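Predicted model only: the values in this text are computed from it and were never measured.
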Amino acid sequence: MKINPKDFRLREGDEVNLRKWPTLIDPVYKSKEKYKKLLEDHVDQLSAMQQLHYATNRHALLIIFQAMDAAGKDGVIRHVMSGVNPQGCQVFSFKPPSASELEHDFLWRTTCDLPERGRIGIFNRSYYEEVLVVRVHRGLLREAGLTDAPRHDQRLWHDRYRSIRDLERHLSANGTRIVKIFLHLSKEEQRKRFLARIDEPEKNWKFSLADIKERGYWKQYTKAYEECLDATSTTAAPWYIVPADDKQNARLIVSAIVLEAFKQLKMHYPKVNAKRRRELLAIRKELAK
């Protein structure tokens with residue numbers, strides 16, 4: 001099965017019903033060995049693309065990951081980006097905002113970590129938490145100083161969606177390519193992964209009681225994700241809904257999506273002019289003595 005990133009892209013204006021988007025599809029690999037070979041090939045291509053991206057120095061690439069707990073964000077980032085030069089890539093994981101960060105607008109803390117030209121920035125969670133977690137747990141709005149916000153609920157989320165679209169439109173117009181990945185996990189698969197985190201000692205550190213508490217808000221999170229994806233998937237910054245019940249399949253799909261994003265930049269290595277070429281030839285002649 002060939003991976004076509006368009007199959008997972010949410011088109012602007014489409015209404016989202018996550019029950020109609022699969023969390024598991026036929027695997028694109030026939031065996032574990034085939035999976036390793038495909039991923040290795042994708043990683044090699046990404047490494048070459050990242051080097052070209054760095055040399056071209058015309059665009060930035062921002063990759064955003066959002067998902068329910070245990071969907072495999074860390075694993076996708078670790079495996080897909082394993083061949084990328086660390087000098088050209090940075091990963092930021094956003095935890096609950098600090099007291100200092102809450103003194104600013106909701107986009108401030110992530111904006112400080114946007115990638116510069118020639119680099120890849122990866123957000124493991126992002127400013128989208130402010131229309132997801134905050135929407136499910138309304139008390140967080142009071143912590144941010146928005147004491148009257150719950151009385152104007154729909155207007156608040158509408159305004160935040162608009163702020164996000166405006167930010168991403170601005171970034172896109174100024175050379176940042178944005179790829180947004182939603183790892184779509186089923187509730188049953190999350191249950192299995194939570195059990196594994198309890199039963200396997202090396203995974204105990206990944207589990208906390210807070211995970212179970214958040215699982216109790218599954219329906220609320222699903223609704224928040226549906227409205228968020230619907231409101232913020234645009235032509236310039238599309239969402240990709242990636243089936244995440246099969247970790248290996250998800251990694252291959254994500255790597256194909258990132259590769260397509262690179263290819264759309266139409267990059268090429270900088271060309272040297274005649275004067276510079278003569279300089280290089282003179283230096284070569286000197287070194288060859």
- Message: Between Lys37 and Glu33 (salt bridge meaning N to carboxylate O under 4.0 Å), is one present in this structure?
- Response: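 Judged by the 4.0 Å cut-off on N to carboxylate O distance, Lys37 and Glu33 do not form a salt bridge.
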
- Could you tell me whether Arg119 and Glu116 have a side-chain N and a carboxylate O separated by less than 4.0 Å?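 Salt bridge: yes.
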
So, does [X] use its side chain to make a donor-acceptor pair with the main chain of [Y] at under 3.5 Å?
X: Asn204; Y: Glu200; result: yes
X: Ser163; Y: Asp159; result: yes
X: Ser47; Y: Val84; result: no
X: Asn174; Y: Leu171; result: no
X: Asn124; Y: Phe94; result: no
X: Glu130; Y: Leu107; result: no
X: His79; Y: Gly75; result: yes
X: Tyr225; Y: Ala67; result: yes
X: Arg193; Y: Asp245; result: yes
X: Thr222; Y: Trp218; result: yes

- Query: What class does the angle between the rings of Phe123 and Tyr127 fall in, given that below 30° is parallel, 30 to 60° is tilted and above 60° is perpendicular?
  - Reply: perpendicular

How many angstroms lie between atom [atom1] of [X] and atom [atom2] of [Y], to the nearest 0.5 angstrom?
X: Arg19; Y: Ser186; atom1: CZ; atom2: OG; result: 15.0 Å
X: Lys247; Y: Asn249; atom1: NZ; atom2: CG; result: 13.5 Å
X: Glu101; Y: Arg109; atom1: CD; atom2: CZ; result: 5.0 Å
X: Ile63; Y: Phe65; atom1: CD1; atom2: CZ; result: 6.0 Å
X: Thr56; Y: Gln51; atom1: OG1; atom2: CD; result: 10.0 Å
X: Phe106; Y: Thr111; atom1: CZ; atom2: OG1; result: 9.0 Å

Counting C-beta onward and ignoring hydrogens, is there a side-chain heavy-atom pair between [X] and [Y] closer than 4.5 Å?
X: Ile120; Y: Gln50; answer: yes
X: His59; Y: Arg117; answer: no
X: Tyr221; Y: Glu214; answer: yes
X: Pro115; Y: Leu61; answer: no
X: Val254; Y: Val76; answer: yes
X: Phe8; Y: Ile25; answer: yes
X: Met267; Y: Met49; answer: yes
X: Lys180; Y: Thr232; answer: yes

When you group the ILVMFWY residues by side-chain heavy-atom contacts below 4.5 Å and let the links chain together, are [Y] and [X] in the same group?
X: Val80; Y: Leu185; result: no
X: Phe194; Y: Leu24; result: no
X: Met81; Y: Tyr54; result: no
X: Val131; Y: Leu102; result: no
X: Val91; Y: Val179; result: yes

- Message: Listing request: all side-chain hydrogen bond (donor to acceptor under 3.5 Å, both in side chains) pairs with a residue in residues 264-276, at least two apart in sequence or in separate chains.
- Response: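 Counting only pairs at least two positions apart or across chains, the side-chain hydrogen bond (donor to acceptor under 3.5 Å, both in side chains) contacts touching residues 264-276 are Arg177-Gln264, Arg276-Glu279.
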
- Step by step, would you call Trp157 with Glu227 a side chain to side chain contact (heavy atoms under 4.5 Å, CB included)? CA-CA 10 Å; Trp157 308 125; Glu227 292 194 18; 6.0 Å; no

- Task: Using only heavy-atom distances, determine whether the side chains of Thr235 and Glu12 contain a donor-acceptor pair under 3.5 Å.
- Result: yes

Might you point out which heavy atoms bring [X] and [Y] nearest each other, and give the distance in Å?
X: Asp199; Y: Pro201; answer: O-CD, 3.4 Å
X: Leu229; Y: Leu10; answer: O-CD2, 3.5 Å
X: Ala244; Y: Ala71; answer: CB-O, 3.9 Å

[X], [atom1]: over 12 other non-hydrogen atoms inside 6.0 angstrom:
X: Leu209; atom1: CG; result: no
X: Phe207; atom1: CZ; result: yes
X: Glu202; atom1: CD; result: yes
X: Glu188; atom1: CD; result: yes

- Task: Could you please spell out the steps behind the side chain to side chain contact (heavy atoms under 4.5 Å, CB included) verdict for Leu252 and Tyr29?
- Result: CA-CA 9 Å; Leu252 292 174; Tyr29 58 95; 3.9 Å; yes

- Task: Quick one: do Asp246 and Tyr35 satisfy side-chain hydrogen bond (donor to acceptor under 3.5 Å, both in side chains)? Show the steps, please.
- Result: CA-CA 12 Å; Asp246 181 334; Tyr35 156 71; over 6 Å; no

- Candidate list Gln66, Lys95, Arg135, test side chain to side chain donor-acceptor pair (under 3.5 Å), partner Glu129, passing option: Gln66

- Query: When the aromatic ring centroids of Phe182 and Tyr240 are compared, is their separation below 6.0 Å?
  - Reply: no

- Test salt bridge (charged side-chain N to carboxylate O under 4.0 Å, His left out) applied to Asp69 and Arg191, Lys187, Arg125, the passing residue: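 Filter result, single survivor: Arg125.
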
